[in-house]
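Structure first, commentary second.
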Amino acid sequence: MAGLRYGRTNRATVAMASLLLAALVFQGHVQVGGVAVGFYDQTCPQAESIVTQTVREFNSKDPTTPAALLRLLFHDCFVEGCDASILLDATPQNPNIEKMAAPNLTVRGYEVIDGAKARLEAACPGTVSCADIVALAARDGAVLAGLNFEGRPLTMATGRWDGRVSSMSAAAAALPSSKSNVQQLTAQFGAKGLSQDEMVTLSGAHTIGKAHCVNFMDRLYDFPGSATGVDPTLDANYAAELQTQCPRGNPNQNTVVDLDPATPFVMDNNYYRNGFAGKVLFGSDMALFHDFETQFTSDLNVVNGVSWNQKFGNALAQMASIEVKDSTVGEIRLNCRRVN
Ligand code: HEM
């Protein structure tokens, strides 16, 4: 099993892959209403354990797997709701899919979802939605990386149905930029029913994973109004380290840097320690620690890691319930990369 590659999606590959996929037969289901914990208890009792096992296997080969899965859920849920629309490949009818939107070019983890789906189709054909796999996998990733929900199991409701719409422009509009300020971030999270507090809490996911230099180079060399070109809110030693890792004019677009330089694979509250110390990569992250609207909540998480763990588990479940579809508008995709 190969690791989850950091890099930018090649548009031609996505289009080719979708064209090569075999035609699959639609199987109907009826369910109207919201999500519930244990939705598959009767229809596919092994659903959750199959996803967990798959995530574990990928994680044992590549410890950046939880980061990929958490970001995948975030980017799925913010566009058309949590409906696995991000997984859809391009087709001749719809070449401008979510995957092509700029913030999605570096999203990873599709192989994990495909792996779980293949096993689920073998065990319980046409039963478990791709949207539920994305949500369960993100939950499993967070737990594997060490999220401690006060020793209790972190439940994730299921019963999402898969969407049929994938739009590049919708993704570009809904997904926040690493250069956003607090007002812009608050508006984008608010549009999805998430509070400012949940936004600050969920941003703590930047305690794992990696980022491409291009997303923060402006803070190292071209920061407006700075004589040195360095964002003055960045810790000076950290900025110098980053300049070594991301040299100006570096032709390698795929160079990545740990989001949390101290414990890059552990779901802890270190993101907030980093922010407090001027050691977060994005302007959008730094804004949470400097804007008076979010500063207090952000700083509180520095001292109270236990509470952040708890809040993160709750906020993750909240994010995973954004605009969930039921059988009247969705389907159970048989292959997560194409509609039935
Ligand atoms: C607040 C607004 C947010 C912005 C502007 C933002 C932006 C970004 C950017 C630019 C990257 C780097 C991507 C790359 O260069 O490959 C990134 C990585 C990441 N983001 Fe966010 N993000 C936000 C919120 C979130 C949320 C809510 C979550 C999940 C709950 C999340 C989870 C992650 C993870 C885990 C990574 C590392 C991914 C990897 O290693 O592949 N982010 N984010």
Side-chain angles (χ1 to χ4, degrees), residues 3-9 58-59 62-78 82 101-112 134-135 137-139 141-142 144-145 147 171-172 174-192 194-219 245-246 252-260 264-267 270-271 275 280-289 291 294 297-298 308 311-320 322:
L4 309 183
R5 191 175 53 92
Y6 276 99
R8 298 167 85 80
T9 300
F58 272 88
N59 189 57
D62 179 352
T64 70
T65 299
L69 296 173
L70 276 169
R71 188 165 185 237
L72 187 66
L73 177 67
F74 167 45
H75 285 221
D76 181 34
C77 292
F78 265 54
C82 307
N104 282 338
L105 293 176
T106 52
V107 166
R108 310 175 300 128
Y110 300 112
E111 309 91 310
V112 185
V134 171
R139 182 274 308 264
L144 268 179
L147 188 83
L175 292 167
S177 148
S178 59
K179 296 172 182 40
S180 302
N181 61 32
V182 166
Q183 283 64 45
Q184 291 163 326
L185 293 171
T186 305
Q188 282 181 305
F189 277 71
K192 300 297 162 193
L194 295 174
S195 68
Q196 208 173 49
D197 187 55
E198 286 167 328
M199 174 179 89
V200 170
T201 302
L202 288 166
S203 295
H206 287 174
T207 182
I208 56 172
K210 295 174 192 285
H212 291 75
C213 297
V214 68
N215 284 315
F216 53 88
M217 290 277 275
D218 56 326
R219 300 184 69 209
Q245 294 185 71
C246 305
N252 186 355
Q253 295 255 317
N254 287 331
T255 305
V256 286
V257 168
D258 287 329
L259 282 162
D260 173 1
F265 300 109
V266 185
M267 278 304 277
N270 226 32
Y271 166 79
V280 281
L281 291 181
F282 311 134
S284 55
D285 285 324
M286 199 60 110
L288 300 181
F289 296 86
D291 191 292
T294 48
T297 325
S298 301
W308 173 75
K311 283 172 70 175
F312 187 86
N314 290 330
L316 192 70
Q318 197 59 39
M319 183 175 82
I322 295 172

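These numbers were taken from a predicted model, which means no experiment stands behind them. We count ligands from 1, going down the list as the structure has it; atoms in each ligand are counted the same way.
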Subject >> Under-4.0 Å heavy-atom contact with ligand 1, by part of Val107 that carries it >> reply: neither
**OP:** Give the residue, atom name and distance (to 0.1 Å) of the protein heavy atom nearest atom 40 (O) of ligand 1.
**Re:** Tyr6 OH, 2.5 Å
Subject >> Nearest protein heavy atom with distance in Å, relative to atom 35 (C) of ligand 1 >> reply: Ala67 O, 3.2 Å
**OP:** Would you indicate whether the side-chain heavy atoms of Thr186 and Met199 approach each other to under 4.5 Å?
**Re:** yes
Original post:
Do Thr297 and Gln196 have side chains that get closer than 4.5 Å, going by heavy atoms?
Top reply: no
Original post:
Which protein non-hydrogen atom lies closest to atom 14 (C) of ligand 1, naming both residue and atom, and how far is it?
Top reply: His212 ND1, 3.2 Å
Subject >> Stepwise side chain to side chain contact (heavy atoms under 4.5 Å, CB included) check, Leu194 with Phe78 >> reply: CA-CA 11 Å; Leu194 295 174; Phe78 265 54; 3.9 Å; yes
Subject >> Contacting atoms of ligand 1, where contact means under 4.0 angstrom from a heavy atom of Leu259 >> reply: 18 (C), 19 (C), 36 (C), 37 (C)
Original post:
So, do Tyr271 and Ser203 sit near enough that their side-chain heavy atoms are less than 4.5 Å apart?
Top reply: yes
Subject >> Residue and atom, protein N/O/S, under 2.8 Å of atom 21 (Fe) of ligand 1 >> reply: His206 NE2
Original post:
Which atoms from ligand 1 have a heavy atom of Ala211 less than 4.0 Å away?
Top reply: 12 (C), 14 (C), 15 (O)
Original post:
Does any N or O atom in Asn215 lie less than 3.5 angstrom from one in ligand 1, N or O only?
Top reply: yes
Original post:
Less than 4.5 Å apart, any side-chain heavy atom of Met319 and any of Phe189?
Top reply: no
**OP:** Decide yes or no for Asn215 and Leu281: does some side-chain heavy atom of the first lie under 4.5 Å from some side-chain heavy atom of the second?
**Re:** no
**OP:** Any atoms of ligand 1 less than 4.0 Å from a non-hydrogen atom of Phe189? List them with their elements.
**Re:** 1 (C), 2 (C)
Original post:
Taking side chain as C-beta onward, heavy atoms only, is Val280 less than 4.5 Å from Met286?
Top reply: yes
**OP:** Just jot down the salt bridge (charged side-chain N to carboxylate O under 4.0 Å, His left out) partners of Asp291, sequence neighbours excluded, or say none.
**Re:** none
Original post:
Hey, does Lys192 have a side-chain heavy atom less than 4.5 Å from the side chain of Cys77?
Top reply: no
Original post:
Residues two or more places apart in sequence or in another chain: which of them pass ring pair (Phe, Tyr, Trp, His ring centres under 6.0 Å) with Phe282?
Top reply: His206
**OP:** Give yes if a backbone or side-chain nitrogen or oxygen of Ser177 is under 3.5 Å from a nitrogen or oxygen of ligand 1, and no if not.
**Re:** no
Original post:
Quick one: nearest non-hydrogen protein atom to atom 3 (C) of ligand 1, plus distance?
Top reply: Pro176 CG, 3.9 Å
Original post:
Where on Ser284 is there a heavy atom closer than 4.0 Å to ligand 1, on the side chain, on the backbone, on both, or on neither?
Top reply: side chain
Subject >> Contact partition for Leu185 relative to ligand 1, non-hydrogen atoms under 4.0 Å >> reply: side chain
Subject >> Nearest non-hydrogen partners of Ala315 and Thr201, listed with the distance >> reply: CB-CG2, 4.2 Å
Original post:
How far is atom 41 (O) of ligand 1 from its nearest protein heavy atom, and which residue and atom name does that atom have?
Top reply: Arg108 NE, 2.8 Å
**OP:** Kindly give the heavy-atom pair with the smallest separation between Asn104 and Tyr110, and that separation in Å.
**Re:** O-OH, 4.4 Å
**OP:** List for me each residue that meets salt bridge (charged side-chain N to carboxylate O under 4.0 Å, His left out) alongside Asp258, sequence neighbours excluded, and say none if there are none.
**Re:** Lys210
Subject >> ligand 1 contact on Leu202 by region, counting heavy-atom pairs under 4.0 Å >> reply: both
